Amino acid sequence: MSKIHVSYNQIHTMVKETVDSMHLNEDFQPDIMVAIGGGGFIPARILRTFLKKKNNKNISIQAIGLSLYEDLEIWKAAHKDDEPTSMEPEVIKTQWLNFDSSETSLIGRNILIVDEVDDTRRTLAYAVRELTKDLEIESEKLRAQGKEVPETKIGVFVLHNKLKEKREQLPDEIMNGRYFACKQMPDQWLVYPWDALDIEDHTEKSRDNTY
């Protein structure tokens, strides 16, 4: 599989262009981001530069940790001689939002989940599913107190969406207007600048992008 090197400058530009072309500030209007580590951290910070402030404050970035790819490589090595029906490892939480000790409620917010790439979609689907469960628990607490529960919206933002068969799907309400991908591309190997050992060499290779 051929490698595509993506530079910081290219990412910065494509994020800005996507915010403008997909009208994030006008339509979805996110007021909090949930970045999936470690690939979603830097894109989320760049994205915040182009999102309109709320009440003269920068959009908050919360962090979650999910593990799949590292464990998947270990699993493949350990099960290389197994039958094709062997179960693959599940996505697991390594860091999550703590509603009990946080003064920041996500209820009634426009939440934008940010990651670097939508590959098999397993990680993104898991993040949406688990966040939705937490929001429902919080909503039930408010209802039990006789309080009105405002609408909460979840969206997804990725730098790249690989045009391939996905292992899982996202809810229709996300795919129909709340899914933002800077680039649609074939199933190729992406090399991001935060993985580079030699950033000058990486940047030079990124000039050959043809996707």
Side-chain angles (χ1 to χ4, degrees), residues 15 19 22 24-25 27-48 51-55 57-72 75 87-161 166-181:
V15 168
V19 169
M22 303 190 80
L24 259 77
N25 285 312
D27 296 340
F28 184 61
Q29 300 180 346
D31 53 19
I32 190 168
M33 284 184 280
V34 175
I36 300 177
F41 294 161
I42 297 176
R45 179 57 190 88
I46 294 173
L47 177 58
R48 188 172 75 172
L51 294 179
K52 291 182 179 179
K53 294 182 179 181
K54 301 293 183 180
N55 301 319
K57 295 181 179 180
N58 284 317
I59 305 300
S60 172
I61 301 175
Q62 303 293 321
I64 60 174
L66 301 176
S67 179
L68 171 63
Y69 289 108
E70 296 88 349
D71 294 337
L72 184 56
W75 181 90
M87 294 294 291
E88 290 186 7
E90 296 295 324
V91 180
I92 59 173
K93 299 175 184 176
T94 57
Q95 178 179 333
W96 198 251
L97 305 172
N98 190 338
F99 288 96
D100 293 333
S101 64
S102 174
E103 296 180 0
T104 302
S105 173
L106 298 184
I107 300 297
R109 312 288 289 274
N110 291 347
I111 306 165
L112 190 60
I113 297 174
V114 182
D115 204 0
E116 56 188 2
V117 61
D118 183 355
D119 191 342
T120 64
R121 196 164 281 173
R122 291 188 69 197
T123 301
L124 284 168
Y126 180 91
V128 170
R129 187 164 56 247
E130 292 300 304
L131 187 57
T132 300
K133 290 179 183 178
D134 287 346
L135 290 169
E136 184 54 36
I137 292 173
E138 291 301 301
S139 297
E140 286 299 324
K141 290 179 180 179
L142 291 177
R143 295 188 188 100
Q145 298 170 11
K147 297 180 180 179
E148 183 179 351
V149 179
E151 181 183 13
T152 303
K153 298 178 182 178
I154 298 177
V156 167
F157 185 101
V158 293
L159 298 178
H160 296 93
N161 175 38
K166 305 297 187 182
R167 300 293 298 276
E168 294 194 48
Q169 299 301 319
L170 295 172
D172 290 341
E173 60 267 24
I174 291 179
M175 296 307 299
N176 297 327
R178 302 182 200 163
Y179 180 86
F180 311 97

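Being a predicted model, the structure only gives us computed values, none of them experimental.
- For R129, the salt bridge (Lys or Arg N to Asp or Glu O under 4.0 Å) partners at least two apart in sequence or on another chain are E168.
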Show the atom names and distances, to 0.1 Å, of all donor-acceptor pairs under 3.5 Å that link a side chain in residues 28-40 to residues at least two apart or in another chain.
{"unit_1": "Q29", "atom_1": "NE2", "unit_2": "E26", "atom_2": "O", "d": "3.4"}
{"unit_1": "D31", "atom_1": "OD1", "unit_2": "R109", "atom_2": "NE", "d": "3.4"}
{"unit_1": "D31", "atom_1": "OD1", "unit_2": "N110", "atom_2": "N", "d": "3.0"}

Evaluate the side-chain contact (heavy atoms from CB on, under 4.5 Å) criterion for residues L47 and I61: first the C-alpha distance (whole Å), next the side-chain angles of each, then the deciding distance (0.1 Å), finally the verdict. CA-CA 10 Å; L47 177 58; I61 301 175; over 6 Å; no

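- Taking OG1 of T123 as the start and CG of L66 as the end, the distance is 6.0 Å to the nearest 0.5 Å.
- Taking K57 as the reference, nothing meets the side-chain contact (heavy atoms from CB on, under 4.5 Å) condition, with sequence neighbours excluded.
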Full working for side-chain contact (heavy atoms from CB on, under 4.5 Å) between I64 and Q95: CA-CA 5 Å; I64 60 174; Q95 178 179 333; 5.6 Å; no

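- Counting all heavy atoms, side chain and backbone alike, L131 lies closest to W96 at N-CZ2, 3.7 Å.
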Going by atom type alone, with no hydrogens or angles, which donor-acceptor pairs under 3.5 Å involve a side-chain atom of residues 172-180 and a protein atom two or more places apart or on another chain?
{"unit_1": "N176", "atom_1": "ND2", "unit_2": "D172", "atom_2": "O", "d": "3.2"}
{"unit_1": "Y179", "atom_1": "OH", "unit_2": "D118", "atom_2": "OD2", "d": "2.6"}
{"unit_1": "Y179", "atom_1": "OH", "unit_2": "N161", "atom_2": "OD1", "d": "3.3"}

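- Across all non-hydrogen atoms, the minimal contact from K53 to N58 is CE-OD1, 3.2 Å.
- To the nearest 0.5 Å, the span separating CG on D134 from CD on E130 amounts to 7.0 Å.
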Please walk me through it: do T132 and V128 pass side-chain contact (heavy atoms from CB on, under 4.5 Å)? CA-CA 6 Å; T132 300; V128 170; 4.0 Å; yes

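- Under a 4.0 Å N-O distance rule, the pair E136/K141 does not qualify as a salt bridge.
- Contact record, K52 with I59: O-CD1, 3.4 Å, taken as the closest heavy-atom pair.
- For the atom pair CG of L142 and OG of S105, the computed distance is 6.5 Å after rounding to the nearest 0.5 Å.
- The side-chain contact (heavy atoms from CB on, under 4.5 Å) test applied to N55 returns no partner, not counting sequence neighbours.
- A distance of 8.0 Å separates CZ of R48 from OG of S60, quoted to the nearest 0.5 Å.
- Note that CG of L170 and CZ of R121 are 5.0 Å apart. Values are rounded to the nearest 0.5 Å.
- When all heavy atoms of D119 and K166 are compared, the closest pair comes out as O-NZ, 2.9 Å.
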Which atom pairs, one a donor and one an acceptor, fall under 3.5 Å between side chains of residues 146-158 and the rest of the protein, sequence neighbours left out?
{"unit_1": "K147", "atom_1": "NZ", "unit_2": "Q145", "atom_2": "OE1", "d": "3.2"}
{"unit_1": "T152", "atom_1": "OG1", "unit_2": "G108", "atom_2": "N", "d": "2.6"}

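- Across all their heavy atoms, V114 and A44 have their closest contact at CG1-N, 3.8 Å.
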